[in-house]
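Quick notes on the structure that follows.
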Amino acid sequence: QKEVEQDPGPLSVPEGAIVSLNCTYSNSAFQYFMWYRQYSRKGPELLMYTYSSGNKEDGRFTAQVDKSSKYISLFIRDSQPSDSATYLCAMAKENEKLTFGTGTRLTIIP
Amino acid sequence: ETGVTQSPTHLIKTRGQQVTLRCSSQSGHNTVSWYQQALGQGPQFIFQYYREEENGRGNFPPRFSGLQFPNYSSELNVNALELDDSALYLCASSFRTDNTGELFFGEGSRLTVL
């Protein structure tokens with residue numbers, strides 16, 4: 001079993017819809033949780049960063065961490081075609097390097 | 001501010017050959033990490049360099065080696081290439097070695113091993 005599980009999709013939604021992306025993990029020692037966005041033929045870029053549990057909002061993006069369920073989510077409101085990309089969850093234990101999910105490929109249909 | 005740059009962007013090698021990939025870190029960043037991203041997979045940590053020393057290594061064999069130079073640029077060397085080494089190799093720089101610093105990724109070097 002992988003430490004981090006992420007549905008690879010692909011996921012297609014109409015423009016303006018709310019998108020929900022999720023990851024589950026098995027290691028309760030994970031403390032740092034991140035979401036990266038990767039456009040085709042580009043490197044990943046950090047979208048959201050959360051330490052431990054709770055919610056974080058940045059514009060149209062909201063990240064949630066539920067450590068009791070070992071489940072993290074990224075919500076995108078009012079989705080735009082420019083949001084079409086692969087979304088990678090990543091997490092890490094204290095003093096260890098990031099473990100990434102496989103990524104979910106998202107397409108927003110105009 | 002100059003971002004992370006990697007070279008070459010694409011290359012093709014044959015099994016058994018050796019390859020060197022290069023990375024220039026973002027200005028002000030003293031830490032460089034290398035990741036391997038196979039097709040349809042997330043990036044996997046190879047190793048990190050901080051002040052010219054290896055500072056952590058993932059589950060990769062010794063034929064994967066690296067260097068960091070005084071200007072913080074870095075190289076990834078892979079010997080005795082195997083077909084499974086075909087992947088996108090990503091370099092990421094940061095100003096911290098722990099997880100509180102954002103990783104800034106380059107666009108990657110896409111390696112194909114035939």
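Keep in mind that what you see is a predicted model, and the values were worked out from it rather than measured.
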Is it the side chain or the backbone of B:Gln6 that comes within 4.5 Å of chain A heavy atoms, both, or neither? neither

With a 3.5 Å cut-off and sequence neighbours excluded, list the donor-acceptor pairs that the side chains of residues 101-110 of chain A form with protein atoms.
from, atom 1, to, atom 2, distance (Å)
A:Thr102, OG1, A:Gln6, O, 3.1
A:Thr104, OG1, A:Gln6, NE2, 3.3
A:Thr104, OG1, A:Asp7, O, 2.4

At under 4.5 Å between heavy atoms, what parts of residues 60-72 of chain B are in contact with chain A? List them by residue number. none

Among B:Ala92, B:Gly56, B:Pro43, B:Ser33, single out the residue with the greatest number of heavy-atom pairs under 4.5 Å to chain A. B:Pro43

Do B:Tyr35 and A:Leu98 have side chains that get closer than 4.5 Å, going by heavy atoms? yes

Same cluster (ILVMFWY, side-chain, under 4.5 Å), A:Tyr87 and A:Phe75: no

NZ on A:Lys42 to CZ on B:Phe105, rounded to 0.5 Å: 15.0 Å

Using the rule that two of Ile, Leu, Val, Met, Phe, Trp, Tyr join whenever any of their side-chain heavy atoms come within less than 4.5 Å, decide whether B:Phe104 and B:Tyr50 are in one cluster. no

If hydrophobic clusters are built from ILVMFWY residues whose side chains come within less than 4.5 Å, do A:Tyr36 and A:Leu21 share one? no

Kindly indicate whether the side chain of B:Glu107, heavy atoms from C-beta on, has any atom under 4.5 Å from the side chain of A:Arg41. no

Need one label for A:Leu88: side chain, backbone, both or neither, based on atoms under 4.5 Å from any heavy atom in chain B. side chain

Contacting region of B:Gln37 [heavy-atom separation from chain A under 4.5 Å]: side chain

Can you confirm whether A:Arg77 is buried at CZ, in the sense that more than 12 heavy atoms of other residues, nucleotides or ligands lie under 6.0 Å from that atom? yes

Do you reckon B:Phe45 sits in the same ILVMFWY cluster as B:Val78, going by side-chain contacts under 4.5 Å, direct or chained? no

Below 4.5 Å from any heavy atom of chain B, which atoms of A:Pro44 appear? Answer side chain, backbone, both or neither. both

Check: B:Leu103 and A:Glu45 side chains under 4.5 Å, non-hydrogen atoms: no

Does a sphere of radius 6.0 Å around CG in B:Leu114 hold more than 12 heavy atoms from other residues, nucleotides or ligands, not counting ones at 6.0 Å or beyond? yes

Are A:Tyr32 and A:Leu47 connected in the hydrophobic side-chain network, where two residues link if heavy atoms are under 4.5 Å apart? no

Would the number of heavy atoms belonging to other residues, nucleotides or ligands and lying under 6.0 Å from CZ of A:Arg60 be above 12? yes

